[in-house]
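What you see below is based on every heavy atom in this structure, not just the backbone, and it leaves out hydrogens, waters and symmetry mates. Keep in mind that this is a model prediction, so the values were computed, not measured.
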Amino acid sequence: QVQLVESGGGSVQPGGSLRLSCEVSGYSGSSTCFGWFRQAPGKERELVSTFSTYDRNSDYEDSVKGRFTVSRDDAKNTIYLQMNYLKPEDTALYHCAAKFTRTCTVLLGRRAFNIWGQGTQVTVSS
């Protein structure tokens, strides 16, 4: 059974950087779409980035393009989200999620993912 554990959240000033990690256990090697979601208070959970193990392509929601980078360390079974030039509006609880599929873009909805981590809080404030 696949389990996801996020880490790396924290508090930073605007313009700062954080790297989130999503440690994957129980992974069988099947084609998987990993997604990074975020949910701010009072807002819906939104998918900000995806990474496909099938073709190693990544995708980003418009508001984070050029600032966030998703990657995977195969040896460590870990998915990373490098977040640079952080803004106050990036403040949210960030979740890692997974779905066994070859289709992997930010157009996938929240309901497409069936494996979730507990989340890690990111706060951007001066």
Side-chain angles (χ1 to χ4, degrees):
Q1 183 176 354
V2 176
Q3 292 185 320
L4 308 175
V5 178
E6 303 96 332
S7 62
S11 296
V12 294
Q13 294 185 339
S17 299
L18 282 173
R19 187 177 77 161
L20 305 184
S21 299
C22 174
E23 186 174 351
V24 184
S25 61
Y27 181 59
S28 65
S30 300
S31 296
T32 304
C33 180
F34 288 97
W36 280 101
F37 286 79
R38 67 184 180 188
Q39 187 166 19
K43 295 188 177 181
E44 291 190 358
R45 192 172 295 187
E46 65 171 343
L47 179 57
V48 297
S49 182
T50 58
F51 181 88
S52 170
T53 66
Y54 172 65
D55 55 16
R56 302 191 75 83
N57 279 345
S58 56
D59 195 19
Y60 302 92
E61 191 268 333
D62 285 347
S63 69
V64 307
K65 281 182 180 177
R67 300 188 299 123
F68 291 10
T69 304
V70 64
S71 62
R72 181 187 182 211
D73 186 323
D74 295 345
K76 295 182 178 180
N77 275 332
T78 301
I79 306 292
Y80 298 102
L81 185 67
Q82 177 67 43
M83 305 186 296
N84 299 326
Y85 306 106
L86 284 161
K87 304 175 181 180
E89 50 263 44
D90 295 319
T91 296
L93 182 64
Y94 283 71
H95 293 269
C96 179
K99 176 178 172 60
F100 298 127
T101 180
R102 292 183 177 183
T103 303
C104 192
T105 76
V106 292
L107 296 178
L108 291 175
R110 168 184 176 181
R111 293 180 177 86
F113 291 81
N114 56 343
I115 303 168
W116 292 86
Q118 292 300 308
T120 184
Q121 178 67 36
V122 172
T123 302
V124 185
S125 172
S126 56

Donor-acceptor contact below 3.5 Å, side chain [X] vs main chain [Y]:
X      : Y      : value
Gln3   : Ser25  : no
Tyr27  : Ser30  : yes
Thr120 : Gly9   : yes
Thr78  : Glu23  : no
Arg67  : Tyr85  : yes
Glu61  : Lys65  : no
Ser49  : Tyr60  : no
Asp59  : Val106 : yes

Passing option when Arg38 is tested against Leu47, Val64, Leu93, Leu20 for side-chain contact (heavy atoms from CB on, under 4.5 Å): Val64
Minimum heavy-atom distance Gln118-Glu6, with the two atoms named: N-OE1, 3.0 Å
Short side-chain donor-acceptor distance under 3.5 Å, Ser52 and Asn57: no
hydrophobic_cluster_shared for Val48 and Trp116, side chain cutoff 4.5 Å: no
Same cluster (ILVMFWY, side-chain, under 4.5 Å), Val2 and Val5: no
Kindly indicate whether the side chain of [X], heavy atoms from C-beta on, has any atom under 4.5 Å from the side chain of [Y].
X      : Y     : answer
Trp36  : Phe68 : no
Val122 : Thr91 : no
Lys99  : Phe34 : no
Tyr94  : Met83 : yes

Sub-6.0 Å ring centroid separation between Phe113 and Phe37: yes
Neighbour count above 12 (heavy atom, 6.0 Å) for Glu89 CD: yes
